[in-house]
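Just so you know, these numbers come straight off a predicted model, no measurement behind them. We're numbering straight along the sequence, starting at 1.
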Amino acid sequence: LEKTLNFTQEISKEIGGVKLGLEFFLKYGIDGVQKIKKFGVPIFLDLKLNDIPNTVKKAAQNVINLNPEFLTVHISGGKNMLKELVKVKSKTKIIGVTMLTSLDKNDLKSFGINISESAFVEKLTKVGFESGVDGVVSSPLEVKQLKEKFGKKLIFVTPGIRMSSDNSNDQKRVSTPGKAISDGSSLLVIGRSITSSINPLNSINKIIANIRTEIESKN
């Protein structure tokens with residue numbers, strides 16, 4: 001925890017928020033989240049809730065009072081589950097996870113789903129939108145079509161962000177920061193490109209430069 005707190009302090013003035021995932025939450029819990037909140041940065045609580053409606057609603061109520069800026073839930077849990085969560089969200093924005101960036105068409109086929117990744121993501125996004133979520137998580141490869149379909153109605157969160165020199169690791173559907181922003185991403189989730197960097201602040205500056213270069217090339 002001390003390492004995480006020191007790292008957050010180092011980069012807190014250069015980022016738009018901190019994403020705390022399942023690993024962090026299971027180890028440090030609510031107390032750990034409260035310690036990160038002291039840095040005054042928005043908290044993206046990435047718990048990817050997914051269960052029967054009543055269980056998800058009650059689970060969410062245990063963390064909503066932390067006032068995270070964002071809380072994630074799997075859209076595949078269905079409309080009833082999502083609507084129950086939306087009822088108790090207070091000021092927290094509910095972000096629906098579509099298809100994990102570690103999956104691809106071969107995985108869908110193994111589940112018995114014989115459509116493309118983009119078609120599957122779009123169907124889940126529609127379910128989320130109709131259920132009242134504030135935004136969706138998709139890979140950067142789908143964000144352009146989602147932006148065209150749903151316009152300004154949703155927040156578009158894109159993980160799978162890698163610089164061209166980075167290792168993709170376990171992510172299969174990736175893109176550069178600049179390309180994702182250009183295609184319509186509202187919020188970039190960037191993990192190992194920063195957290196595994198020898199010089200995190202330098203890595204952040206390179207990411208910002210990549211975004212600026214892409215935007216300037218479009219103008």
Legend entry - Residue pair Glu214, Lys179: steps toward the salt bridge (charged side-chain N to carboxylate O under 4.0 Å, His left out) verdict: CA-CA 7 Å; Glu214 180 71 27; Lys179 184 66 166 61; over 6 Å; no
Inset, instruction - Kindly work out whether a path of hydrophobic side-chain contacts (I/L/V/M/F/W/Y, heavy atoms less than 4.5 Å apart) joins Ile52 to Val127. - result: no
Legend entry - Nearest atoms (heavy-atom pairs only) where Ala180 meets Val143: O-CG1, 4.2 Å
Inset, instruction - Could you pull out all residues at least two apart from Lys144 that satisfy salt bridge (charged side-chain N to carboxylate O under 4.0 Å, His left out)? - result: none
Inset, instruction - Can you sort out the partners of Lys87 under salt bridge (charged side-chain N to carboxylate O under 4.0 Å, His left out), two or more places apart, ordered by chain and number? - result: Glu84
Could you pull out every donor-acceptor pair under 3.5 Å between side chains of residues 58-65 and any protein atom, sequence neighbours left out?
residue, atom, partner, partner atom, Å
Asn62, ND2, Lys58, O, 3.4

Legend entry - Working for side chain to side chain contact (heavy atoms under 4.5 Å, CB included), residues Leu108 and Asn114: CA-CA 7 Å; Leu108 289 181; Asn114 294 309; over 6 Å; no
Legend entry - Side chain to side chain, Glu142 and Thr158, heavy atoms closer than 4.5 Å: no
Inset, instruction - Using salt bridge (charged side-chain N to carboxylate O under 4.0 Å, His left out) as the criterion, list what pairs up with Lys126, not counting sequence neighbours. - result: Glu130
Legend entry - Rounded distance [0.5 Å steps], CD1 in Ile94 versus OG1 in Thr92: 6.5 Å
Legend entry - Main-chain N/O of Gly178 paired with Ser182 side-chain donor or acceptor, under 3.5 Å: no
Inset, instruction - Supply the atom-to-atom distance Glu122 CD to Leu124 CG, rounded to the nearest 0.5 angstrom. - result: 10.5 Å
Legend entry - All pairs passing side chain to side chain donor-acceptor pair (under 3.5 Å) where residues 194-209 contributes a residue, at least two apart: Ser197-Ser203
Inset, instruction - Give a yes or no on whether Ile155 and Val86 share a hydrophobic cluster (residues Ile, Leu, Val, Met, Phe, Trp, Tyr; joining criterion: side-chain heavy atoms under 4.5 Å apart). - result: no
Inset, instruction - Side-chain contact test, heavy atoms from C-beta onward, threshold under 4.5 Å: evaluate it for Ile95 versus Val73 and give yes or no. - result: no
Inset, instruction - Compare every heavy atom of Pro140 with every heavy atom of Gly160, then report the nearest pair and how far apart it is. - result: O-CG, 3.8 Å
Legend entry - Taking every non-hydrogen atom, the tightest pair across Asp134 and Lys93: OD2-CA, 3.2 Å
Legend entry - Atom NZ of Lys109: over 12 foreign heavy atoms under 6.0 Å: no
Inset, instruction - Starting at CZ of Arg212, measure out to OG of Ser217 and round the result to the nearest 0.5 Å. - result: 14.5 Å
Legend entry - Separation between CG of Leu201 and NZ of Lys13, rounded to the nearest 0.5 Å: 11.0 Å
Legend entry - Side-chain heavy-atom pair Val33, Ile36 within 4.5 angstrom cut-off: no
Inset, instruction - Verify the cluster assignment for Met99 and Leu22: are they in a single hydrophobic cluster under the rule of side-chain heavy atoms below 4.5 Å apart? - result: yes
Legend entry - Nearest-0.5 Å distance that lies between atom CZ in Phe120 and atom CG in Asp107: 10.5 Å
Legend entry - ring-ring contact (aromatic ring centres under 6.0 Å, His included) contacts in which one or both residues fall within residues 75-101, not counting sequence neighbours: none
Legend entry - Pairwise side-chain contact, Ile211 with Thr213, heavy-atom cut-off 4.5 Å (strictly under): no
Inset, instruction - Provide the full list of side chain to side chain donor-acceptor pair (under 3.5 Å) pairs with a residue in residues 32-42, sequence neighbours left out, each pair given once. - result: Asp31-Lys35
Inset, instruction - Quick one: pull up CD in Glu117 and OG in Ser139 and give me the separation to the nearest 0.5 Å. - result: 8.0 Å
Inset, instruction - Could you tell me whether the side chain of Leu154 reaches within less than 4.5 Å of the side chain of Thr125, counting heavy atoms only? - result: yes
Inset, instruction - Show your working on side chain to side chain contact (heavy atoms under 4.5 Å, CB included) between Ile194 and Ile204 and close with a plain yes or no. - result: CA-CA 7 Å; Ile194 297 172; Ile204 291 170; 3.8 Å; yes
Legend entry - Residue list, ring pair (Phe, Tyr, Trp, His ring centres under 6.0 Å) with Phe150, at least two apart or on another chain: Phe129
Legend entry - Gly128 versus Leu82, closest heavy-atom pair with distance: CA-CD1, 4.1 Å
Inset, instruction - Identify the heavy atoms of Ser193 and Ile161 that sit nearest to each other, and give their distance. - result: OG-O, 3.8 Å
Legend entry - Listed once per pair and sorted, the ring-ring contact (aromatic ring centres under 6.0 Å, His included) pairs that draw on residues 71-117, sequence neighbours left out: none
Inset, instruction - Check whether any side-chain heavy atom of Met81 sits under 4.5 Å from a side-chain heavy atom of Asp51, and report yes or no. - result: no
Inset, instruction - Say whether, by atom type as modelled, one donor and one acceptor occur between the side chain of Thr98 and the main chain of Val137 under 3.5 angstrom. - result: yes
Legend entry - Residue pairs passing the ring-ring contact (aromatic ring centres under 6.0 Å, His included) test where at least one lies in residues 5-26, sequence neighbours excluded: Phe24-Tyr28
Inset, instruction - Looking only at non-hydrogen atoms, find the nearest pair between Pro200 and Ile11 and report the distance. - result: CB-CG2, 4.0 Å
Mind listing the side-chain donor-acceptor pairs of residues 39-50 below 3.5 Å, one per line with the distance, residues two or more places apart or on another chain?
residue, atom, partner, partner atom, Å
Asp46, OD1, Lys48, NZ, 3.2
Asp46, OD1, Thr72, OG1, 2.7
Asp46, OD2, Lys19, NZ, 3.0
Asp46, OD2, Lys48, NZ, 2.8

Inset, instruction - Would you check if Val121 and Leu146 make a side-chain contact, meaning some heavy-atom pair closer than 4.5 Å? - result: yes
Inset, instruction - Can you sort out the partners of Lys147 under salt bridge (charged side-chain N to carboxylate O under 4.0 Å, His left out), two or more places apart, ordered by chain and number? - result: none
